[in-house]
Amino acid sequence: MDQKILSLAAEEKTEGLESYLRSLKESELADAITQQAIKGKETGALLRGIFKGSSCSQDVGVQRRLLVYKHSIPLVESGDLKSDVASEIIGLLMLEVHQLPGASLIELANLFVDGIKGGTLTNGKSLELFPTILTALSSKDTLAFGKGELSGEEFKKQLINSLCASRWDPHCVIHLTSMFRDVPLSTEELQFVVEKVVRMFSKLDLQEMPPLVYQLLILSAKGCKNNILEGIIAFFNEMDQQQKGEEVDTESVELEIAAVPQDQLRHVEGTIILHIIFAIKLDQDLGRELLKYLKMGQQNDTIKIICPFSIALLLSVARIHRFEDQVFDFLKTLIVKSIRDLQFQQSSKFLQDLVPQLCSVSAMTLETVKNSVFGWDHVTEGLVELGFKLMDSFGPKSAFGGKVVEATSRTPAQQACRLGAQILLEAFKVHETLRSEILEQVLNRVITRAACPISHYLDLLSDIVVSAPLVLQYSSSKVTEAFDHLSFLPLNTVHGLLKAVQPLLKISMSMRDSLILVLRKAMFSSQIDARKSAVAGFLLLLKNFKVLGSLSSSQCSQAIGASQVQVDVHMRYNAAANEAFCLEILSGLRRCLSQQADVRLMLYEGFYDVLRRNSQLASSILQTLLSQLKRYYEPEADLLPPVKLEGCISAQGDQVFLQEPLAHLLCCVQLCLIWCRNSIQQPSENEEDEDEDDEMGSQQDLEEMMDSITRRMIKSELEDFELDKSADFSSTSGVGMKNNIFALLVMGVCEVLMEYNFSVGNYSKNKFEEILSLFKCYSKLSDILKEKAGKGKSTGTSKMSRSLLSTPFVSTLLTALFRDSARSHEESLSVLRASNEFMRYAVSVALQKMQQLEETGQADGPDGQNMEKMFKYLCEITRVLLWRYTSIPTAVEETGKKEKGKSISLLCLEGLLRIFNTVQQRYHPKIPQFLASLDFMEKDEEERENINVTEKATFQIRQFQRSLGNQLSNGEDNFNSKEAVLLVNILSTLSRMLEASSQQFVQMLSWTMKICKESSIEDTQFCKGLMNLLFSLHTLFKSPVSMLRELSQDIHGHLGDIDQDIEVEKPCHFAIVNPKTAAPTVCLMVLCQITKILDEVDWLITKLKGLLVSEKAPEDSTQTVNQREPIEKAIILQLGTLLTACHELVQTAVPAGSCIDALLKELAKIYTILTSLIKYYLQVYSSHLGHIPTRLEKLVKLSGSHLTPQCYVFITYVQNIQSEDLSFAGEKKKKRKEETATVAKAKVLRETKPIPNLIFAIEQYEKFLIQLSKKSKVNLMQYMKLSTSRDFRINVATLDAALQEQEAEDENTENEPNSQMTAATQPNESQEPKRKRRKK
C-alpha cells in the first residue's frame, strides 16, 4: 500500500493519488505511516505523497492531513523511531502547517495543550512543531471560537494563558521552555511563561536545573531578564536556607539523610553560575539587569536578594572586565552598609523591637568562601580580589604628621577590613591553588606600602603562616625575596614581618640562612634604620632558637608565636651547632654597642628577653653587659657620682646628643641579675664548670657594681651632677640640652636602682630606706624639670617622663604598698608607706603604663608586648587600685595635709577608668575573667568557667554608685567635681558590660534617672557626663523621646520665654537642669539626642520605602502591609513627641551662640524628615497600596499648630539678637580696628545661615503636603497657616523710634556746614540697606 502511494505520488497528475487515498480507511493509512516510520526508509516520501494527494481546498483532504498530524505526533513521542526519522517527520509537518485552515490549527493546538496537561509529551521532540502551529494561528485574522470570533493573536494569548495556568509534568518543563524560544511572544505572554517556569523550579529534580536555567537564559534575550534572575536567585537562596536548617536539625536531633546532598547542591549552583556568566558575556544587558536588580535589593528587603549564591554570582561577573569596578564598588558599599545597619539597629532598643532581623552580608560572604570548595574556580579569583580591596580601602589610615589613626574594632571600616582578612585567610586554607597568589600579594603590599600603616597585612601574614607553616615551605622563595628589602623598610614593618614568618624559620634552614645574610649586610649599612632592623632580626633569632639545656619555656615570658609547629630544630642540628649559631650572632651584636643610642637601646631592651628564652646564653650576655657598664662606671669607691655622665653624650657643633642610654643599660643589667638570682639557683648537670664560673663571676661583679652605685647615688647631691636649681635647662642652648639629658639619665638610674633594691632587698628596712633616698633624688630632679618647663611656652613637657620601672614590678610594688598585711613586712613597708609622695609616684607610674596600654596596645619594658602577661598585671593592678579607692575615701584623704598634685584616690580612680576602657577595647573576650579576678576571694575552677558578667559588673557598679552618692550628699560646697566626673565615666564604661535585658540594667537606669531628677549640682562637666550616661542607658531600654520632652520643658522654664512679657512655669522634672546647666550643656545634649532619633526615623522611612517596592508581588502584599503598619505607627508617634519637645525649645529664650545654631539645624532636619514621610505616603498612593492613617493627619495638624508658627517667631527672635550683635560690631568699628568688626559681622552672618535653610525646609514640607492632599482627597493644608516671615514686615514701634531720631538729627544739623551734614548722615545710609537685607 505504501509503495502504491509512493508510485502514484511520483506521477505529475494527482487525480489517481487522490482517488486511491479516498479508498483507504483512516486506520489503514495510519498503519502504513507507522510501518514506514519504523522501517525508517521512505517515511518522508510517504508523508509528502499523502500531503500531495490531500488538498486543503477539500474537507476530505484537510481531515486526512489532520489525521496525519494526529497520528504522527504520538508516534514521534513514543520513542520507537530513530532520531533522524523523527526529525524528518517533524520537519515535513512544520512545512505543511501554514496550509491548514484555522479550525484545524485550533484542534492541533488543543491537542498539544491536552498532551502537556496530561503529561504525554515526555519525549519533547514533537514540541518542535508547536511554535509553528502558534505562529500560524497568530497570523490568522479571525478564528471561530465558541459562538463568537477571535483574532489569531488573541487566541494565541488565551492559549498560552491557559497553558501556563495548567499543571505541567516536571519532565516536560525543559522541553517547553526550549519550545517557547521559537514562539513569537508579547511581553505579557513572556511574563506568563517565565513566571510559570520559575514556579516549576521546586518541582524539578536538582540535576535538571542547569539545562532549564540554560534554556531560560536563552529565552531572556526576548525580555523579562529581571524576572528570570530574580527567580533563579530566590530559588537557590531558599535551597541554601533549607540546607542550613537541615544541618542544624541533624546536629541537634540525630543523624538524618539530607533531602539534597550538600555537594550536589553546590555543584549545581556552580554550573548555573557558569551558565549565567556565559549568557552575560553574550548579552551585556543581562549583566546590567543583574546589577540593577541587586542594587534594588540593597535598598529593599536585603535578606531575600543578597545571599551566598548571589554574592558568588557577583564575584564571577567581576571577572568580566566591563563589570569589574561596578561589582566591587557595589560589594564594598553593600558590606559597609550591612555592618553599619547592624550596629545602628543594635544601638537602639526602639529599632530592635521594630526591625528584629537584619542579614549579615559579612557572614554570607564567608559562607561563599566555604561553598567555593566545591569546584567554584570561577568564584575564587573574585574572592581574593574582594578580600584585598576591602583591606586596601578600609585598613588603618595615616593621619596628618604620619601618626597612625587606629580605629577601634567596632567601626564599620575596621570590621570590613577584618572581613577582607578573614576571606583571604579562609581562601588560603581551603584553596591550594590560591596560596601562592595570596602570599605574594600580601608580601608585595608589606614591602611596597611601607609608608602607609600595614599592621593589618602583617596580622594576616602571621595568621597565614600559623595556619599552614609546612605548606609555606614550598613558597619559601617568595619570603626570601621579601627579606632582600628588609634594610629599606621601617623598623615597625621589619619587626612585624620577622615576627610573622618566625615559625617558618624554625622549619626551613635555607630561609634562616638567607635572613642571616641579609641581616649581616644590614648591620654594616650606613643607614641607622637598616642597622636597627638588623638588631631586631638578630634578637628575634636569639629569642626563638633555644639552646638545649636552657630552661623550659614555662619560665620564659611566652612560648614561640606558633605553637602549632611541631618541628624542632634540634632534631636535625645538634646542641653544639645551635649554641655556636647563637654565640656567633651575639658576637655580631656586640659591635652595635659602639653605635648610636637608638641601636644600643634596642639591644638593652632585647637582651633580657633573650636571656629568659635562652638561659644558656646568660654567661655571654652578662659578660657583654659588664664590659659595657665598666665604660661608664667609676671604679673608685669613694668618688661621687658613681657614673661618668660625660661619656654618655656626644656633640656636633652646638647640638648635643645622647650617645649611651645609661639608664636603660642599668635597667637591662638589673632585670638580668634578678632573673638569674630567681631562676638559676640549681645549676644543671650538663653545664660545664668553666661556663658556670664565668657566669657566676660576671653576675657577682655586676651585683657589686649595682650595690656600689646605689650607695654612692644616695650620697650624691644634685650639685655633683651639676644639676642644681640654678642650672640652665633651656632647650635652645647646648648646655641646657646637656643638662636635660643628664637629668633624665639620673632620674632613670634612680628608678632602676629603686626596682633593683626592692627586688633584692627581701623586705629589708635598710633597703627600703635606700629606695626612699633614691626617690628623693628622683623627685628633686623631676620637680626642677617641671618647674623649668612650666616657665617656658609649652606646658606639655611638664608631664611625667617615661618611667623605667617594669610593669611586673609596678604591680608588685602597689600590692606591697596597699595590700600587704604580712606582719614580717609591716615594719619595712611602713618606711615607704610613710611617704605620701612615693605612694603617689607608684600609682602615677601604674597610670602611665595603663595609658600606654590603652593608646597603643602595649607598654614600655619587659612583657609590654605580651598581651597575656599584660592582662595578668592589669588584673593585679586593678585589684589594688580598687581596694585603695574604696578603703580610703577622698574626703578622708584630703582632710590631711594639702599636697601638690592630685590625691592618690583621684589617681586610683583615673587609673581604674583607663583600665576599664582598655579591657573593653583590647581584651573584650576576656571581660569575664577580668571581672572574676577582681573578687578578693579565690574561686573554684568550675565557678570561673561559669561567670555571669552582668552580676560581676553590677557588684563593681554598686561600689562606685555608693561613692558618687556620698559625693552628692556632701552638698555643693564640698562637691569634688573631678572625682564625680571620673565616677560617672567609670559607671558609663561598666554599664556597657551589663546585659540590656537584665534586671540589673533596669536598676542601673532607674538609679541614674533618680540622680538626674534629684541632684541639683551646678557643675557643667558632671551634668554632661551624667546626662550622657542616662541617654546611653535609656536608648538600650526604650526610646528616650518622652524624656526629651520633659527636659525641653525644664530648659524652657529655666531660660524663660522669647516673649519677655510671658512668665513660664518652672516644671522640675530633672533637678540636674538648672540655670547654669540648662544652656548650653543640657540644651546641646537634648538637640544631639533629637538628631539621633531623627536619624532612626529616617532609617525606618527608608526601610518602609524598600518594603513598598517589594510589595509588587500580590502574594506578599498582606504580609508586607502587616510589616509596614507598626513601623508607620512608631514613626508618627516619635515625630509627634519630638514636635512637642521642639515646641518648647523654639519658645525658649536661648542665648546667642552654638545653641541657636544647633536648634535651627534640628528644626530644618525635622521638616526634612516630615517631608520624607509625606513623600512615602505619596508613593503609597501612586502604588495603590494604602491610605492616609488618621494619626498622620494629627501629626500634620500638630506641626501646623504647634511648630511652624513658633518657628517663624523664633526666626524673628534670632534676627533681633543678631541685629543687636551687628550694631555692637558697628560700635566696635568706631573704637577698634576694622578687622575686628569684620570678624564679628562674619560670625553673625555664619550664624544666620541656617535660617534660609529652615524656611526652605518648611516650604518643601508644605509643597509636598499640597501634593498629598490632591492625591488623597484629604485637605491637609487646612492646618497650615500662611507664614509672615517671607512678607515685608513693618514694626510700628521701631518705625516711630527711627522717625523721632531722624527729626532730632535734622534739628541738630541745620546750623552745621554741608560737609559735616553729609558725614553725619552717612552711617544711616550705610546701615539702612543692611537692615533691609536682614528682614528680606
Side-chain angles (χ1 to χ4, degrees), residues 229 232-233 236-237 240 266-282 284 286-295 297-298 302 305-339 360-395 416-442 444-445 457 460 464:
L229 291 167
I232 294 168
I233 290 171
F236 283 105
N237 187 13
D240 283 345
R266 299 289 172 246
H267 285 304
V268 167
E269 286 177 342
T271 310
I272 281 168
I273 289 172
L274 275 175
H275 283 328
I276 296 173
I277 299 308
F278 183 67
I280 289 173
K281 283 178 180 174
L282 297 174
Q284 304 228 334
L286 187 65
R288 281 192 284 272
E289 202 64 44
L290 173 67
L291 279 170
K292 184 179 167 187
Y293 169 66
L294 291 172
K295 281 176 182 174
Q298 179 193 354
T302 316
I305 296 169
I306 308 298
C307 56
F309 177 79
S310 59
I311 290 171
L313 179 57
L314 270 175
L315 290 169
S316 300
V317 172
R319 293 176 70 188
I320 303 169
H321 181 69
R322 184 169 182 179
F323 294 106
E324 184 179 0
D325 292 341
Q326 293 177 57
V327 167
F328 286 122
D329 288 345
F330 169 67
L331 280 172
K332 284 195 297 185
T333 310
L334 179 69
I335 287 165
V336 173
K337 182 179 180 291
S338 163
I339 294 168
S360 169
V361 178
S362 304
M364 289 176 182
T365 312
L366 290 172
E367 203 171 317
T368 307
V369 182
K370 195 171 71 175
N371 296 346
S372 68
V373 182
F374 297 93
W376 291 9
D377 295 339
H378 44 282
V379 177
T380 52
E381 193 180 312
L383 274 171
V384 172
E385 200 166 342
L386 175 66
F388 280 113
K389 280 188 181 291
L390 286 172
M391 291 188 79
D392 293 344
S393 305
F394 302 112
C417 176
R418 195 184 300 152
L419 172 66
Q422 283 177 296
I423 290 169
L424 292 169
L425 181 61
E426 293 303 315
F428 184 89
K429 286 178 182 176
V430 296
H431 291 290
E432 195 175 332
T433 52
L434 295 178
R435 286 173 182 165
S436 177
E437 186 193 345
I438 291 173
L439 181 65
E440 188 174 351
Q441 288 211 42
V442 171
N444 284 346
R445 280 165 167 79
Y457 291 117
L460 173 61
I464 284 173

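Numbering starts at 1 and runs along the sequence shown.
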Exercise. Distance-only, no hydrogens or angles: does the Trp376 side chain make a donor-acceptor pair with backbone N or O of Thr368 under 3.5 Å?
Worked result: no
Exercise. Hey, what do you get for OG (Ser310) to CG (Leu290), rounding to the nearest 0.5 Å?
Worked result: 8.5 Å
Problem set entry | Intermediate values then yes/no, side chain to side chain contact (heavy atoms under 4.5 Å, CB included), Arg288 and Lys292 | CA-CA 6 Å; Arg288 281 192 284 272; Lys292 184 179 167 187; over 6 Å; no
For this session: Using a strict cut-off of less than 4.0 Å between a Lys/Arg side-chain nitrogen and an Asp/Glu carboxylate oxygen, indicate whether Glu269 and Arg266 qualify as a salt bridge.
Result: yes
For this session: Count the heavy atoms belonging to other residues, nucleotides or ligands that lie under 6.0 Å from CD of Glu381, then report whether that count exceeds 12.
Result: no
Exercise. Could you walk me through whether Arg445 and Gln441 pass the side chain to side chain donor-acceptor pair (under 3.5 Å) check?
Worked result: CA-CA 6 Å; Arg445 280 165 167 79; Gln441 288 211 42; 2.9 Å; yes
Exercise. Hey, does the side chain of Arg435 reach the backbone of Val430 with a donor-acceptor pair shorter than 3.5 angstrom?
Worked result: no
Exercise. Which value, rounded to the nearest 0.5 Å, describes the distance between Leu390 atom CG and Phe328 atom CZ?
Worked result: 9.5 Å
For this session: Run the numbers on Phe309 and Asn371 for side chain to side chain contact (heavy atoms under 4.5 Å, CB included), then give the verdict.
Result: CA-CA 9 Å; Phe309 177 79; Asn371 296 346; over 6 Å; no
Exercise. So how far is it from Leu424 CG to Met391 CE, rounded to the nearest 0.5 Å?
Worked result: 6.5 Å
For this session: Could you check Phe323 against Gln326 for side chain to side chain contact (heavy atoms under 4.5 Å, CB included), going step by step and ending with a plain yes or no?
Result: CA-CA 5 Å; Phe323 294 106; Gln326 293 177 57; 4.2 Å; yes
For this session: Of all the heavy-atom pairs spanning Gly270 and His378, show the shortest one and how long it is.
Result: O-NE2, 3.4 Å
Problem set entry | Heavy-atom pair of closest approach, residues Glu437 and Val384 | OE2-CG1, 4.1 Å
Exercise. Which heavy atom in Val379 sits nearest to a heavy atom in Ala312, and how many Å separate them?
Worked result: CG2-O, 3.8 Å
For this session: Find the distance between CD1 (Ile311) and CD1 (Ile335) and round it off to the nearest 0.5 Å.
Result: 7.0 Å
Exercise. Does Ser338 use its side chain to pair, donor to acceptor, with the backbone of Leu334 at less than 3.5 Å?
Worked result: no
Problem set entry | Atom pair CG (Leu286) and CG (Leu291), whose distance is rounded to the nearest 0.5 Å | 10.5 Å
Exercise. In Å and rounded to the nearest 0.5 Å, what is the OG1 to CG distance from Thr365 to Leu383?
Worked result: 8.5 Å
For this session: Over all heavy atoms of both residues, which pair between Gly382 and Leu315 is shortest? Give the atoms and the distance, please.
Result: O-CD2, 3.5 Å
Exercise. Do you know the tightest heavy-atom contact between Ala416 and Ile339?
Worked result: N-CD1, 3.8 Å
Exercise. Have Arg418 and Gln422 got a donor and an acceptor in their side chains that come within less than 3.5 Å?
Worked result: no
Problem set entry | side chain to side chain contact (heavy atoms under 4.5 Å, CB included) between Leu419 and Phe394, intermediate numbers included | CA-CA 10 Å; Leu419 172 66; Phe394 302 112; over 6 Å; no
Exercise. When Leu314 is tested against each of Ile273, Leu294, Ile306 for side chain to side chain contact (heavy atoms under 4.5 Å, CB included), which residue passes?
Worked result: Leu294
Exercise. For the residue pair Phe374 and His267, does the interplanar ring angle fall in the parallel (under 30°), tilted (30 to 60°) or perpendicular (over 60°) class?
Worked result: perpendicular
For this session: Give the minimum heavy-atom separation between Lys332 and Ser393, together with the two atoms involved.
Result: NZ-OG, 3.1 Å
